[in-house]
Amino acid sequence: MKKTLILWLFILVKLGLHAVIIGPGYDLHRDEYLHLDQAKHLAWGYLSVPPFTSWISYLILLLGNSVFWVKFFPALFGVLTMVVVWKAIEALKGGLFALILGAAAVTFSVLLRINMLYQPNSADVLFWTLLYFSVLKYIESEDNKWLYLTAVALGFGFLNKYNIIFQVIGLIPALLITPQRKIFANKHLYFAGIIALLIALPNLIWQFQNNFPVVHHMQLLEKTQLVNVNRLDFLKEQLLFFMGSIFVLFAGFFSFFRYPAFRKYQAFFLAFVFTLSLFTYLRAKGYYAIGLYPIFFAFGAVYLENALRVKFTWLRPVAVLVILLLFIPVFRVAFPIDSPAVMSQHSKRYQALGLLRWEDGKDHALPQDFADMLGWKELAEKVDAAYEKIEDKSHTLVLCDNYGQAGAINYYSRYNIQAVTMNADYINWVPLDEEIKNVILVQNADDDDQERKKEQPLFKTILRTGKIENQYARERGTSIYALLDAKVSINEILKSDISENKWD
């Protein structure tokens, strides 16, 4: 009963933190709008992600599509991750201190930041942790049901984010070179593998039918982003992710070689080394590896509980206190708690940590993620104002430069506008059933054709109706144009653009 009450206390603390980590002056993040729009176009795959996120988005849509539910689900996935770690500690025979230490290490960590936004990352960490937990339970009990739970975690993890394949690539050789290789003689492992394949199969078929866009996007990602990732910086990030609780992780790694009860679990440490090495070699982004860590808090917490059992029991509360105290400075800079104006007054704090450097290589007033949560309502309001003045709304298209603009307009518009773009999944959602006569064009601030010379031969009237003024928004300067009374077939032009941009 006492343990259950403490678990619920951590759950309430976790949910309570999510209620305060984003100040009221912020909109949703640009990525969140894209994922929410997928609910209106359900499919077994998308150019950007597998289908799992769209299912959650559909549930959010059924619940009213409010910001509360958008933020609830990533927080829920974070809570479930903590609960899985709690159950892993219990499976490892951990007591109350180990449970508290492990729960604190998970709650007051980078996972709070991951769970702040509605993206596939929160569910990704959950599925990684659940997969490791299932393998742990199988090694402990040799009960075949855990192999099937592993398959379910793998299958749905794959439908959430292909990243989980790297976990399996690291786990297989780790099992092969330890005594746990006997698992490969168990027929139920292969039956479970078939179940995982069946769960993932609809998406694999979709990939095949669409010429495997995931392969193209991986190649594009490698050329445009991963090539710029410094391997040493990747490894440094791993140390910073769990800075306040890193001693628990190190204790977990150490335990596989010093704590006799954990030697049968050495495959976990080897799997960690293999997967992290693969990520390092491939120049992966730092956060790709976050799913590796939660399960090791369970091992570290139980090991420290036993290590501090006799002479050093006074260090137990100190260990928990260290996690809490070291999280305070992280909390001050990792979350948009204050208004943009207040945060900009503390720009030196962020600049010292390199957080003001955006993808354009320049320093700005706010970290890029925070600036990506501003200006969207303003954009939707100004698009609505332009849309309101157009008489023939049924033949009017709102065409944007990027998916954030399109998704934000769709989320906030009073007119239920369904804006599109030649960017991300929206390229498949451009409505071409009826002839388009008017276009509301949303263009980035760096657009080099502000006089719309390109569109002048295509429309009778071109008006600039507004732009984003929010000085802290990444979209500041984004302009809105009304292109009225088309003189040519806009549909044919869009079909050509779709063909050219399909794989961009």
Side-chain angles (χ1 to χ4, degrees), residues 10 78 80-94 97-112 114 124-140 150 153 157 163-164 166-168 170-171 174-175 178 180 234-235 237-280 286-308 319-320 322-323 326-327:
F10 272 103
L80 294 176
T81 299
M82 183 193 66
V83 171
V84 173
V85 172
W86 184 282
K87 293 298 180 182
I89 292 170
E90 290 182 335
L92 295 171
K93 309 298 188 292
F97 168 69
L99 291 168
I100 293 173
L101 183 63
V106 173
T107 301
F108 303 101
S109 72
V110 70
L111 294 180
L112 186 65
I114 292 291
D124 188 46
V125 174
L126 171 60
F127 285 125
W128 279 59
T129 307
L130 186 59
L131 191 152
Y132 273 147
F133 170 73
S134 302
V135 174
L136 184 158
K137 289 292 293 183
Y138 175 77
I139 293 174
E140 177 216 10
T150 301
N163 193 41
I164 201 168
F166 293 101
Q167 182 184 20
V168 177
L171 188 59
L175 290 169
T178 64
Q180 298 305 328
F234 169 83
L235 294 173
E237 286 184 58
Q238 305 309 305
L239 297 174
L240 293 175
F241 284 147
F242 298 96
M243 181 177 64
S245 50
I246 197 166
F247 66 95
V248 184
L249 286 175
F250 284 151
F253 299 147
F254 188 70
S255 71
F256 295 115
F257 306 97
R258 297 294 299 173
Y259 190 50
F262 287 176
R263 285 176 183 162
K264 64 180 179 180
Y265 300 111
Q266 287 180 350
F268 283 94
F269 177 75
L270 294 173
F272 169 82
V273 172
F274 290 150
T275 300
L276 193 66
S277 298
L278 183 59
F279 276 144
T280 305
Y287 70 87
Y288 287 6
I290 288 178
L292 282 169
Y293 297 100
I295 197 68
F296 293 101
F297 285 125
F299 289 102
V302 175
Y303 176 73
L304 287 173
E305 181 179 61
N306 284 276
L308 305 177
V320 177
V322 165
I323 292 175
L326 290 179
F327 187 68

Calculate, to the nearest 0.5 Å, the distance between atoms CD and CE belonging to Gln238 and Met243 respectively.
-> 14.5 Å
Taking the six-membered ring where the residue is Trp, are the ring centres of Tyr303 and Phe262 under 6.0 Å apart?
-> no
Is there a side-chain contact between Leu235 and Leu239, using heavy atoms and a 4.5 Å cut-off?
-> no
Quick one: does Pro294's side chain get under 4.5 Å of Leu111's, heavy atoms only?
-> yes
Heavy-atom side-chain contact between Phe247 and Leu326 under 4.5 Å = no
Measure the NZ-CG distance between Lys87 and Leu99 for me, rounded to the nearest 0.5 Å.
-> 9.0 Å
Considering only heavy atoms from C-beta outward, does the side chain of Leu270 approach that of Phe256 to under 4.5 Å?
-> no
The side-chain contact (heavy atoms from CB on, under 4.5 Å) partner of Tyr265 among Ile295, Thr178, Leu136 is Leu136
Arg258 CZ: over 12 foreign heavy atoms closer than 6.0 Å = no
State the CZ-CG distance between Phe250 and Leu304, to the nearest 0.5 angstrom.
-> 12.5 Å
Would a distance-only check, ignoring hydrogens and angles, find a side-chain to backbone donor-acceptor pair under 3.5 Å from Asn163 to Tyr288?
-> yes
Of all the heavy-atom pairs spanning Ala91 and Lys137, show the shortest one and how long it is.
-> CB-CD, 3.7 Å
When the aromatic ring centroids of Phe269 and Phe299 are compared, is their separation below 6.0 Å?
-> no
Could Lys93 and Glu140 be called an ion pair, given the rule that one side-chain N must be under 4.0 Å from one carboxylate O?
-> yes
Residues Val248 and Ala301: closest non-hydrogen pair is CG1-N, 3.7 Å
The ring pair (Phe, Tyr, Trp, His ring centres under 6.0 Å) partners of Phe10 (sequence neighbours excluded) come to none
Aromatic centroids of Tyr293 and Phe241 separated by under 6.0 Å | no
Enter the distance from Leu175:CG to Gln266:CD here, rounded to the nearest 0.5 Å.
-> 12.5 Å
Given the rule in the side chain to side chain contact (heavy atoms under 4.5 Å, CB included) test, do Tyr259 and Leu92 qualify, once you have shown the distances and angles that lead to the verdict?
-> CA-CA 12 Å; Tyr259 190 50; Leu92 295 171; over 6 Å; no
Can you name the closest pair of heavy atoms from Phe97 and Ala319 and give their distance?
-> CZ-CB, 4.4 Å
In a check of ring-ring contact (aromatic ring centres under 6.0 Å, His included) between Phe272 and each of Phe279, Phe166, Phe253, Tyr132, which one passes?
-> Phe253
Say you draw a straight line from OG1 of Thr81 to CZ of Phe127; how long is it, rounded to the nearest 0.5 Å?
-> 9.5 Å
Using atom types as modelled and distance alone, determine if a side-chain donor or acceptor of Thr107 lies under 3.5 Å from a backbone N or O of Ala104.
-> no
Report yes or no: does Ser245 contribute a side-chain atom to a donor-acceptor pair with the main-chain N or O of Ile323 at less than 3.5 Å?
-> no
In this structure, CZ of Phe133 is separated from OG1 of Thr150 (nearest 0.5 Å) by 10.0 Å
Set of residues satisfying ring pair (Phe, Tyr, Trp, His ring centres under 6.0 Å) with respect to Phe297, sequence neighbours excluded | Phe242
Least distance between heavy atoms, Ala174 atom then Phe274 atom | N-CE1, 3.7 Å
Go through the structure and list residues passing side chain to side chain contact (heavy atoms under 4.5 Å, CB included) with Lys264, not counting sequence neighbours.
-> Ile139, Gln180
